[in-house]
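For reference, the structure is listed below as structure tokens.
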Amino acid sequence: ILHNDAKIIAFYGSDGSGKSTLVENLVKRYSKYFPCCSAHLGKPFQSIRFFNYFYSKNNSFSTPIQTIPNNFNLIKGFKSIILSLLRLISANYQVIRKLLGITVITDRWPSSVSNSMDGPKIFDNSEKRLIIDFFNFLNTLFYKVMPTADLVIVLETDLNQLIYRNSTRNKPEKLDFIKSRNKSSKNSRPKSKNIIYFKNNKKLKYAINDCLLLCAKFINEK
């Protein structure tokens, strides 16, 4: 079915919700039967050293924004535009893969909600500065023309479980960062034709099978 009707299926959720593990395992299983590949839309093209350094976690820009940021400067403005453009390019690249008959299973997908995880960064412009209007306009425009995924599976994971999974990583994140990302992800709404909310507090090996069934059901219904 998928060879003739490829899909874009995205997993979405907080850090530690299991996105990367699920994507990796589903691609590994599905690729035995039909063309299938993985993608990452949170930090697109992160395999390129320049972009990986440019948006490193030591950079203040990468800290999730929960409220409208009022400390605008040109560096943050240009970084927001570049990130928006990279996501737009990467999202459209996944659409091309789909048109070629390759099913794409991706970690995250652009959101339509401003200042949420993977959404457009909109700076406060109470001072009515033209330059801020310009950056806000471009960011809004890029996300308006973002393509939609066929299916997004939102992984809902309790905060305590996220904290525990983070503590088992080789390089755990700070507690404030985990809490902030969790709040940001809940405010997001990925651009998708279909969204399924999946409670993922169990061991990931069980979640993999559950998600395989979710994807199969979605495909068969189509």
Side-chain angles (χ1 to χ4, degrees), residues 1-49 51-52 55 83-112 117-119 142-143 145-157 165 169-170 181 185 188-222:
I1 295 173
L2 278 178
H3 182 73
N4 297 316
D5 187 17
K7 304 290 184 185
I8 297 176
I9 300 173
F11 284 88
Y12 201 84
S14 304
D15 298 67
S17 60
K19 301 184 300 297
S20 300
T21 301
L22 289 166
V23 169
E24 179 183 349
N25 279 273
L26 265 65
V27 169
K28 185 178 180 180
R29 295 195 187 192
Y30 280 147
S31 58
K32 298 176 183 178
Y33 306 103
F34 53 82
C36 184
C37 66
S38 63
H40 184 86
L41 269 290
K43 291 182 181 178
F45 308 107
Q46 63 176 352
S47 59
I48 300 176
R49 182 177 298 179
F51 292 126
N52 195 33
Y55 293 104
L83 183 58
S84 299
L85 183 58
L86 289 175
R87 282 181 177 154
L88 179 61
I89 293 171
S90 185
N92 280 288
Y93 177 58
Q94 311 316 321
V95 172
I96 293 173
R97 283 174 157 180
K98 171 188 169 181
L99 294 175
L100 293 174
I102 302 171
T103 289
V104 179
I105 302 179
T106 175
D107 178 341
R108 292 160 61 177
W109 193 259
S111 168
S112 57
M117 189 169 77
D118 302 322
F142 285 148
Y143 280 85
V145 298
M146 290 278 184
T148 58
D150 295 295
L151 172 66
V152 169
I153 299 176
V154 178
L155 303 174
E156 296 183 310
T157 310
R165 290 178 183 173
R169 290 181 171 182
N170 293 330
R181 293 286 280 181
S185 67
S188 299
R189 184 171 178 82
K191 299 188 69 173
S192 178
K193 299 173 185 175
N194 299 276
I195 296 180
I196 295 176
Y197 293 89
F198 177 72
K199 196 72 173 179
N200 186 29
N201 287 319
K202 59 179 68 176
K203 290 184 178 180
L204 289 178
K205 66 178 180 179
Y206 301 118
I208 291 168
N209 290 327
D210 289 344
C211 288
L212 280 167
L213 291 173
L214 280 175
C215 293
K217 183 179 178 182
F218 169 75
I219 293 163
N220 289 328
E221 287 176 350
K222 299 301 175 182

Looking at [X] and [Y], would you say the former's side chain and the latter's main chain have a donor-acceptor pair under 3.5 Å?
X    : Y    : answer
K19  : G13  : yes
T157 : N200 : yes
W109 : K191 : yes
S111 : R189 : yes
R108 : D118 : no
S17  : S14  : yes
S90  : L86  : no
K98  : D5   : no
N194 : D150 : yes

Can you tell me how far the [atom1] atom of [X] sits from the [atom2] atom of [Y], to the nearest 0.5 Å?
X    : Y    : atom1 : atom2 : value
M117 : S188 : CE    : OG    : 5.5 Å
L22  : I9   : CG    : CD1   : 12.0 Å
L99  : N92  : CG    : CG    : 10.0 Å
L83  : L88  : CG    : CG    : 11.5 Å
I208 : L212 : CD1   : CG    : 7.5 Å
Q94  : T106 : CD    : OG1   : 6.0 Å

- prompt: Are side-chain N/O atoms of S112 and Y143 paired as donor and acceptor at under 3.5 Å?
  reply: no
task: Could you tell me whether the side chains of N209 and R29 share a donor-acceptor contact shorter than 3.5 Å?
output: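 Yes, a side-chain donor-acceptor pair sits under 3.5 Å.
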field: Nearest non-hydrogen partners of L26 and C215, listed with the distance
entry: CD2-SG, 3.9 Å
query: R97 and C37: which non-hydrogen atoms are nearest, and at how many Å?
result: NH1-SG, 3.3 Å
Derivation of the side chain to side chain contact (heavy atoms under 4.5 Å, CB included) call for V95 and I8: CA-CA 8 Å; V95 172; I8 297 176; 4.0 Å; yes
4.5 Å side-chain heavy-atom contact, [X] and [Y]:
X    : Y    : answer
L41  : D107 : no
L151 : I153 : yes
V154 : F198 : no
T103 : F34  : yes
F11  : C211 : yes
I195 : Y12  : no

message: Are more than 12 heavy atoms, taken from residues, nucleotides or ligands other than K199, located less than 6.0 Å from that residue's NZ atom?
response: yes
